[in-house]
There are 4 protein chains.
Amino acid sequence: MRGINKVTLIGNLGKDPEINILDGNVAVAKFSLATSETYRDKAGQAHTSTDWHSVVLWRGLAELAQAYLRKGSLVYLEGKLKTRHYDDAAGQRHYVTEIIGEQLLMLDKKPGEQLSPLAP
Amino acid sequence: MRGINKVTLIGNLGKDPEINILDGNVAVAKFSLATSETYRDKAGQAHTSTDWHSVVLWRGLAELAQAYLRKGSLVYLEGKLKTRHYDDAAGQRHYVTEIIGEQLLMLDKKPGEQLSPLAP
Amino acid sequence: MRGINKVTLIGNLGKDPEINILDGNVAVAKFSLATSETYRDKAGQAHTSTDWHSVVLWRGLAELAQAYLRKGSLVYLEGKLKTRHYDDAAGQRHYVTEIIGEQLLMLDKKPGEQLSPLAP
Amino acid sequence: MRGINKVTLIGNLGKDPEINILDGNVAVAKFSLATSETYRDKAGQAHTSTDWHSVVLWRGLAELAQAYLRKGSLVYLEGKLKTRHYDDAAGQRHYVTEIIGEQLLMLDKKPGEQLSPLAP
DNA sequence: TTTT
DNA sequence: TTTT
């Protein structure tokens with residue numbers, strides 16, 4: 001049975017994306033994305049709660065991120081959830097859940113806007 | 001700025017859900033959900049890849065899970081991503097990403113079907 | 001500026017799909033899909049409300065529909081909204097909104113299940 | 001069987017929203033929303049295709065639209081599809097499909113931005 | 001016109 | 001750990 005594994009986020013980048021070029025000239029971009037929601041407590045007081053998401057983009061989407069995304073950029077992102085694991089020096093297993101991006105929309109890009117280059 | 005944090009899954013429970021009743025008679029259900037996709041490699045060979053997701057349901061949805069979901073059940077689940085952390089005995093920080101369910105559809109429930117009780 | 005145009009439905013076919021083969025051997029399938037929701041009125045009485053959607057599938061998805069979908073089938077469908085128009089004999093313009101399917105999951109397909117052939 | 005009926009749009013308003021106040025002081029807002037996508041033809045030429053959607057907002061969301069949305073505004077909208085019908089003077093039945101908004105995000109609102117009042 |  |  002096939003299934004559905006889909007994530008939809010609208011939020012802001014916490015930092016500039018980190019770009020790596022792998023063997024075969026394949027680009028990978030990673031960044032944290034913050035999604036915020038506001039809610040009211042029982043006393044009617046408004047609060048903001050923020051969730052952070054680890055995003056990974058491959059190939060063309062990574063190149064888009066390198067060219068157009070910076071700390072603070074507002075994006076729409078669609079992708080799938082993947083959880084991988086590694087074992088630390090003490091032999092403890094760690095799990096890392098990432099969103100592998102499949103569609104990206106830049107929501108605050110001004111046409112022709114000049115961007116500062118990414119730190120190397 | 002408010003954002004969007006939304007997950008949509010269709011998949012099968014790996015085991016019976018674990019139910020806990022917290023203070024104030026609040027029910028919580030946890031289970032792993034498998035989403036599978038099939039793809040073809042360069043040789044045209046079909047492969048199945050499965051992702052596992054940690055799902056948490058609260059209150060009414062947890063009671064639904066207790067009453068109607070079992071190992072193997074096929075469900076549609078909508079929710080939001082939350083990542084929490086804890087420090088292990090060696091002082092290493094671990095991150096855990098869960099999907100907090102907000103809408104649930106049972107896709108293989110037969111009307112009047114008799115379910116085995118959950119293990120205590 | 002690019003945008004997002006996405007529809008997600010889970011529901012049942014009202015009738016068998018209608019299949020047409022166009023020039024160039026391109027298959028098109030059309031069917032109505034019912035999505036139901038239950039709600040409670042102010043008196044606590046449960047009601048069911050049903051919406052009907054016009055679905056259009058092209059090529060491979062149309063062939064899937066021909067082979068595996070029948071009246072009553074339960075499906076997950078993802079697609080985009082398209083509104084087209086035509087003028088009737090009295091010169092009045094009519095608008096028709098359809099969902100062009102992009103992803104289809106059969107949710108009640110039994111493996112190896114034998115299906116009655118579609119009426120010609 | 002309950003189902004899923006969900007629409008997700010990101011696009012721009014074609015005109016200022018039309019606001020009506022019904023009996024019981026219930027606000028309704030209506031507007032057309034354009035979603036655009038770019039694609040390349042076989043010759044590699046880029047084209048833009050636009051779809052128009054009829055959006056209806058009720059109560060609090062209608063008041064939000066009145067206060068903050070204008071022609072050209074960029075919004076994220078989630079809602080459900082509803083198709084209603086009416087018969088014209090010639091006795092022909094017309095169908096109208098609308099998106100009943102359930103969640104709205106303003107994607108280009110500057111904090112404190114001054115908006116021109118809606119035409120009465 | 002579907003389904004529970 | 002699921003399912004087809």
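Reminder, nothing fancy here: chain letters follow the sequence lines and each chain counts from 1.
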Euclidean distance, atom CG of residue C:Leu107 to atom C1' of E:dT3 [Å, nearest integer]: 13 Å
Rounded distance (Å) that lies between atom P of F:dT4 and atom CG of C:Leu104: 18 Å
Pairwise 5' ranking along DNA chain E for C:Ser32 and C:Thr48, keeping only the more 5' one: C:Ser32
Non-hydrogen side-chain atoms of C:Leu9 and D:Asn5 separated by less than 4.5 Å: yes
Rounded distance in Å - OH (C:Tyr76) to C1' (E:dT2): 20 Å
Within residues 14-33 of chain B or reaching into it, pairs that qualify as side-chain hydrogen bond (donor to acceptor under 3.5 Å, both in side chains) - sequence neighbours excluded: none
Rounded interatomic separation in angstrom, taking NZ from B:Lys30 and P from F:dT1: 20 Å
Listed once per pair and sorted, the side-chain hydrogen bond (donor to acceptor under 3.5 Å, both in side chains) pairs that draw on residues 81-92 of chain A, sequence neighbours left out: A:Lys82-B:Asp51, A:Thr83-A:Thr97, A:Arg84-A:Glu98, A:His85-A:Arg93, A:Asp87-A:Arg93, A:Asp88-A:His94
Members of residues 49-71 of chain C that approach DNA chain E, where some heavy atom sits under 4.0 Å away: C:Thr50, C:Trp52, C:Lys71
Pair C:Thr8-C:Leu77, side-chain contact (heavy atoms from CB on, under 4.5 Å): steps then yes or no: CA-CA 6 Å; C:Thr8 306; C:Leu77 183 84; over 6 Å; no
Salt-bridge criterion met for B:Glu102 and B:Lys6 (N-O under 4.0 Å): no
C:Thr38 vs C:Leu33, nearer the 5' end of DNA chain E by closest nucleotide: C:Leu33
Whole angstrom value for the distance that separates C1' of E:dT2 from CE of C:Met106: 18 Å
The single option from B:Leu105, B:Thr35, B:Leu74 passing side-chain contact (heavy atoms from CB on, under 4.5 Å) against B:Ile10: B:Leu74
